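To find a chain, count down the sequence lines: A is the first, B the second, and so on, and within it residues start at 1. Computed from a prediction, not measured in an experiment: that's the story for all the values here.
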Protein chains: 2
Amino acid sequence: MLSIGDLSRRTGVKVPTIRYYEQMGLLAAAERSEGNQRRYERGDLERLAFIRHARDLGLDISAIRELISLSEHPNQPCADADRIASDHLKAVREKIEKLKKLEQELARIVSHCDGDHAIEDCYVIRSLSDHGLCDGEH
Amino acid sequence: MLSIGDLSRRTGVKVPTIRYYEQMGLLAAAERSEGNQRRYERGDLERLAFIRHARDLGLDISAIRELISLSEHPNQPCADADRIASDHLKAVREKIEKLKKLEQELARIVSHCDGDHAIEDCYVIRSLSDHGLCDGEH
DNA sequence: TTAAATTCCTCTAGAGACTAGAGCATTTCG
DNA sequence: CGAAATGCTCTAGTCTCTAGAGGAATTTAA
């Protein structure tokens with residue numbers, strides 16, 4: 001049986017975060033010691049690793065909750081799990097596209113500024129003041 | 001003189017957001033009508049456009065506050081403004097890199113799943129359960 | 001065995017950038 | 001003038017944690 005601190009050390013998930021996941025219903029409420037402290041076993045460790053992994057991939061809590069619930073029905077088809085992952089992939093790709101546009105605009109603005117002008121001539125400031133100096137439609 | 005609703009319509013910034021920017025010190029506290037309602041003039045409109053533009057580029061409130069304060073000293077050199085924009089550009093690029101790694105991992109996971117297996121064989125679920133199936137170090 | 005050190009508990013609040021709603025006041029328009 | 005629209009302040013909610021207070025349990029060292 002592991003204490004919450006043990007679990008934290010083994011997974012790299014901070015103690016308050018573990019309690020938070022329990023509160024959010026991702027981890028089942030742990031057994032308690034006589035003194036009311038949480039006690040975990042191997043299964044909890046695996047599930048926490050699952051959660052951590054999914055979070056690292058950027059999935060949000062509700063998506064993870066859904067995946068966990070799916071994984072508890074091993075005989076169902078996995079179309080739903082596929083959809084969750086695919087949707088997320090799509091969202092990630094969209095975010096990348098947005099950030100690339102941003103990057104271009106920022107790079108353009110910065111490239112006009114050598115840090116050597118007075119503020120009143122600064123391209124950074126002027127670009128922000130005057131949308132007309134922009135390329136795209138952000 | 002514009003009401004807060006007028007200002008909102010002209011800039012596309014929602015009314016509560018305008019009040020929020022005032023509270024955050026980005027917009028100076030507006031003049032008030034006899035009945036205590038905010039009244040704006042052209043200068044406020046320009047500043048709000050500046051703020052909106054900077055937010056669209058992803059700059060956070062404190063960076064914008066700094067840029068505004070810089071823009072009020074037109075004779076200072078613009079190195080600081082340049083640094084703010086450059087730092088942000090760097091952060092955007094880093095975020096893009098992270099998301100690209102994520103995208104690859106997700107794409108790999110999804111590509112192994114045709115949505116047609118049982119959950120217990122689902123590559124999406126298995127990947128999350130077993131970090132060993134991963135490519136990179138996320 | 002007992003004292004000290006560490007870990008644990010719950011609860012509340014804060015981060016960032018808004019958004020929504022309650023309950024009431026002002027302004028505008030017909 | 002009266003109704004509708006807009007405005008005001010204040011509080012609380014979003015999301016995923018993180019930090020801290022104040023106190024209890026557990027572990028380690030003397």
* Structure fact -> Residues pairing under ring pair (Phe, Tyr, Trp, His ring centres under 6.0 Å) where one sits in residues 59-96 of chain A, two or more places apart or in two chains, turn out to be none
* By side-chain contact (heavy atoms from CB on, under 4.5 Å) - contacts of B:R9 (at least two apart) -> B:D6
* By side-chain contact (heavy atoms from CB on, under 4.5 Å), which residues pair with A:H112, not counting sequence neighbours? -> A:R108, A:Y123
Sequence neighbours left out, cut at 3.5 Å: what donor-acceptor pairs do the side chains of residues 15-26 of chain A make with other protein atoms?
{"residue": "A:Y21", "atom": "OH", "partner": "A:R52", "partner atom": "NH1", "Å": "3.2"}
{"residue": "A:E22", "atom": "OE1", "partner": "A:R38", "partner atom": "NE", "Å": "2.8"}

* Asked: Under 4.0 Å between a Lys/Arg side-chain N and an Asp/Glu carboxylate O for A:R65 and A:E72?
  -> no
Could you give the [atom1]-to-[atom2] distance, from [X] to [N], as a whole number of Å?
X	N	atom1	atom2	value
B:R39	D:dC8	CZ	P	8 Å
B:E31	D:dG7	CD	P	17 Å
B:I4	D:dT6	CD1	C1'	11 Å
A:E22	D:dC17	CD	C1'	15 Å

Using atom names, set out every protein N or O paired with an N or O of nucleotides 9-13 of chain D below 3.5 Å, distance rounded to 0.1 Å.
{"residue": "D:dT9", "atom": "OP1", "partner": "B:R32", "partner atom": "NH1", "Å": "3.3"}
{"residue": "D:dT9", "atom": "OP1", "partner": "B:R32", "partner atom": "NH2", "Å": "3.3"}
{"residue": "D:dT9", "atom": "OP2", "partner": "B:R38", "partner atom": "NH1", "Å": "3.0"}
{"residue": "D:dT9", "atom": "OP2", "partner": "B:R38", "partner atom": "NH2", "Å": "3.0"}

* Which pair of non-hydrogen atoms, one from B:R32 and one from B:R39, has the smallest distance, and what is that distance? -> C-CG, 4.4 Å
Any side-chain to backbone donor/acceptor pair from [X] onto [Y]? Under 3.5 Å, distance only.
X	Y	answer
A:D87	A:I84	no
A:S8	A:I4	no
A:H117	B:C78	no

* 5' to 3' contact window, DNA chain C with chain A (heavy-atom distance under 4.0 Å) -> C:dC8 to C:dT10
* Asked: Can you tell which of D:dT26, D:dT6, D:dC17 lies closest to the side chain of A:Y20?
  -> D:dC17
* Nearest-nucleotide comparison on DNA chain D, the residue closer to the 5′ end among B:G35 and A:G35 -> B:G35
* Structure fact -> The answer to which of B:E34 and B:Y21 contacts DNA chain C further toward the 5' end, by nearest nucleotide, is B:Y21
* Quick one: is D:dT26 close enough that its OP1 or OP2 comes under 4.0 Å of any side-chain N or O from A:S33? -> yes
* Does D:dG7 have OP1 or OP2 sitting under 4.0 Å from an N or O in the side chain of B:S3? -> yes
